[in-house]
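A, B, ... follow the sequence lines: proteins, then strands. Residue 1 opens every chain.
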Number of protein chains: 2
Amino acid sequence: MNRSASIKDVANHASVAVGTVSNVLNYPDRVSQRTKERVLRAIDELGFVRNDAARQLRAGHSRTIGLIVLDVGNPFFTSVVRAAEDAAALQGSAVLLGDSGHNASRESNYIDLFQEQRVQGLLISPVGDVTERLDLLRERGIPTVLVDRLADENKYSSVSVDDDAGGYLAARHLLDTGRRRLAFVGGPTTIRQVADRLQGAQRAVKEEPDATLEVLDSAGQTVLAGRGVGNLLVERGRGELPDGIFCANDLLALGVMQSLTMTHTLRIPEDIALIGYDDIDFAVSAVVPLSSIRQPTEALGRTAIELLAEELESNNPGHRAVIFTPELVVRQSTGPARSTSAG
Amino acid sequence: MNRSASIKDVANHASVAVGTVSNVLNYPDRVSQRTKERVLRAIDELGFVRNDAARQLRAGHSRTIGLIVLDVGNPFFTSVVRAAEDAAALQGSAVLLGDSGHNASRESNYIDLFQEQRVQGLLISPVGDVTERLDLLRERGIPTVLVDRLADENKYSSVSVDDDAGGYLAARHLLDTGRRRLAFVGGPTTIRQVADRLQGAQRAVKEEPDATLEVLDSAGQTVLAGRGVGNLLVERGRGELPDGIFCANDLLALGVMQSLTMTHTLRIPEDIALIGYDDIDFAVSAVVPLSSIRQPTEALGRTAIELLAEELESNNPGHRAVIFTPELVVRQSTGPARSTSAG
DNA sequence: TCCACTCTTTGAATCGTTTCATTGTTACGA
DNA sequence: TCGTAACAATGAAACGATTCAAAGAGTGGA
């Protein structure tokens with residue numbers, strides 16, 4: 001048995017026309033019970049499996065959706081991907097996943113591939129400036145939804161998260177638990193996410209006249225970078241220390257935590273409260289469980305699929321930019337302070 | 001512009017036959033320079049992109065390879081996936097990725113999907129017993145390679161890692177650095193990986209007459225479980241402590257490390273050496289950088305694709321089971337002990 | 001000028017499915 | 001008995017690329 005059975009083989013085996021077999025598969029109601037049973041038996045006996053290529057060819061488009069992310073290893077995207085897959089499955093589509101790895105040429109290859117596959121649509125978290133390519137795709141009938149990037153609503157639909165709001169949430173939480181001398185730890189503010197989170201934090205601090213926000217630049221967004229900043233803090237005199245630290249992501253926060261706890265004199269959260277961003281798996285199992293800001297990744301993935309579905313409704317020329325607000329996750333690292341007149 | 005250009009449109013636009021356009025795309029040498037240029041210009045002007053469905057239909061199979069993993073969020077699989085994608089790209093294939101999430105029904109859905117897509121072959125890290133399905137697939141001309149699971153060479157090709165050898169490596173390293181009272185920390189030994197790693201460690205310990213190995217059962221494979229075991233250790237009298245601990249994975253080791261370092265009296269590696277397994281990203285940025293056993297994930301992914309290619313060579317009925325040996329990564333957590341007659 | 005040969009180009013047939021106009025069947029009321 | 005729905009089943013055409021036998025064009029030698 002070299003070649004797999006076709007619909008024609010099934011038709012012969014069941015002594016019906018090919019059209020009838022097709023109807024059994026696609027419009028069971030149009031076929032009489034007797035015939036249906038015969039056809040189904042034939043399908044079973046021959047082990048027939050639909051050839052999707054032929055179906056696609058006839059239909060003019062596939063039932064797959066292309067999804068290109070910056071890094072499948074990043075838990076943020078992993079979670080978005082899973083949600084998108086589930087949402088797509090519900091509407092009978094499958095997701096083709098591409099990992100650009102922050103690499104524009106890999107990204108371009110995937111766009112080529114997906115175009116050859118005639119995907120229904122494309123979800124993309126773009127590396128470079130791909131607007132020209134996306135415009136071309138749209139002309140060819142393949143709509144795009146941008147993921148984790150805010151797009152001009154006149155041009156594209158998009159789903160993104162409000163990093164400014166996230167920064168505000170984090171700083172506000174530190175303020176609400178009585179901290180007043182805050183510090184922000186984050187890499188180069190040329191990274192949009194870092195800049196936005198900082199901006200949100202500043203907004204919150206301005207609401208409290210007696211609160212201050214110090215910005216500590218970190219060399220990157222890693223645990224090591226965080227430990228570097230932490231070590232500098234530890235060398236300070238007790239009075240010059242912040243009492244609340246907000247890190248631009250959890251890795252930085254874990255690094256800072258390592259430095260502070262190693263001193264054996266500074267305690268978290270009694271002396272210094274600490275909050276991160278992203279709520280990675282490790283946050284909960286840190287030495288002191290880390291408070292963090294959780295991004296609604298499931299909602300991102302699900303909504304991206306929904307927006308794509310909207311785009312696919314032919315008589316719908318509009319676009320929508322959906323912006324999600326992240327969520328505060330309180331754990332021990334921002335618990336009660338030692339001796340403050342907390343609010 | 002609703003429908004995208006077909007090869008026929010290109011042929012008309014360039015005033016040549018469809019066969020010629022196809023030749024330009026697939027056998028450029030057969031076409032004269034003049035004609036080639038005209039056709040390429042037409043392709044460019046119309047923005048023609050091959051329809052892969054049509055090509056596939058004619059060819060009888062696609063240029064894609066199905067890959068089903070247990071958990072895309074797991075760094076082990078993420079790395080395997082990436083290597084497989086790269087290796088596949090080199091031979092002109094694309095990888096369709098499916099995440100079964102340890103769920104047999106999701107796994108089954110992906111197998112269905114991939115069969116409809118007529119993938120060239122399937123790489124799978126199976127959840128349940130899928131041998132029957134895989135046998136059927138093979139009858140239909142879709143070969144399978146098992147990933148991270150040792151298969152009977154008479155039935156399937158497979159790529160896997162020798163956990164026994166990994167366990168031996170870890171224990172041997174502790175012994176080589178002078179430790180004699182070893183402990184193994186790992187979840188239920190009903191998990192094959194855990195059992196194999198333990199067995200390898202026991203093999204190494206037997207080589208040293210004066211060495212002992214204590215088995216500490218952990219409730220799971222998480223940081224928290226590790227911390228639980230660590231807390232029990234800390235309560236022991238100094239003389240009853242092991243001087244070298246091998247954890248069945250890095251998460252456990254990080255948990256143990258948290259407990260030990262929090263005592264402020266036990267030092268790693270001076271008092272107790274610690275080694276994990278998997279070499280996750282966090283290992284290097286732990287408070288004390290964690291020694292570990294690294295699995296050759298890139299080689300796994302690459303080799304899986306190669307074995308599949310072998311299976312696809314029609315005149316090749318044999319199978320191969322490739323078993324990789326993991327690699328020791330030495331970091332600070334297994335540095336010199338305090339006062340031992342080290343080897 | 002004609003033949004033989006090579007190099008290009010042609011276009012019908014093919015892959016497997018869906019669609020849809022057409023034909024066949026059955027049932028029922030007039 | 002006939003006409004008319006309603007329902008089932010039919011099978012040719014279409015989707016777009018590739019293949020391949022055949023025709024055409026060009027070249028050089030006799």
Do B:Arg63 and B:Asp52 meet the salt-bridge criterion of a basic N to acidic O distance under 4.0 Å? yes
Can we say B:Glu85 and A:Arg106 salt-bridge, meaning some charged N sits less than 4.0 Å from an Asp/Glu carboxylate O? yes
Distance check, rounded to the nearest 0.5 Å: B:Leu134 atom CG versus B:Asp129 atom CG? 8.5 Å
When every nucleotide of nucleotides 17-27 of chain C is labelled 5' to 3' by its protein contacts under 4.0 Å (heavy atoms), B for base, S for sugar-phosphate only, - for none, what sequence of letters results? BBB--------
Do any side-chain nitrogens or oxygens of B:Thr20 fall under 4.0 Å of OP1 or OP2 in C:dT9? no
Can you measure B:Asp9 atom CG to D:dC15 atom C1' for me and round it to whole angstrom units? 12 Å
What's A:Ser32 touching, base or sugar-phosphate or nothing? Going by heavy atoms closer than 4.0 Å. sugar-phosphate
Just checking B:Asp281: does its CG atom have more than 12 heavy atoms from other residues, nucleotides or ligands closer to it than 6.0 angstrom? no
Per the side-chain contact (heavy atoms from CB on, under 4.5 Å) rule, which among A:Ile7, A:Val24, A:Val31 passes with A:Val39? A:Val24
Electrostatic pair A:Arg140:A:Asp135 at N-O distance under 4.0 angstrom: no
Quick one: do B:Lys36 and B:Asp29 make a salt bridge, cutoff under 4.0 Å? no
A:Asn12 atom CG is separated from D:dT10 atom C1', nearest whole Å, by 14 Å
Take atom CZ of B:Arg34 and atom P of C:dT9, then tell me their distance rounded to the nearest Å. 9 Å
Is it true that A:Asp71 and B:Arg82 have a side-chain N and a carboxylate O under 4.0 angstrom from each other? yes
Atom CD of A:Gln33 and atom P of D:dA9: how far apart are they, to the nearest Å? 11 Å
Could you tell me the separation between the CG atom of B:Leu46 and the P atom of D:dG16, rounded to a whole number of Å? 13 Å
Is A:Glu153 paired with A:Arg320 through a side-chain N to carboxylate O contact shorter than 4.0 Å? no
Between C:dT14 atom P and A:Leu57 atom CG, what is the distance in whole Å? 17 Å
Could you give the angle between the helix axes at the two ends of the helix from C:dT1-D:dA30 to C:dA30-D:dT1, with five pairs per end, rounded to 10 degrees? 70°
B:Gln56 CD - D:dT18 P separation (whole Å): 12 Å
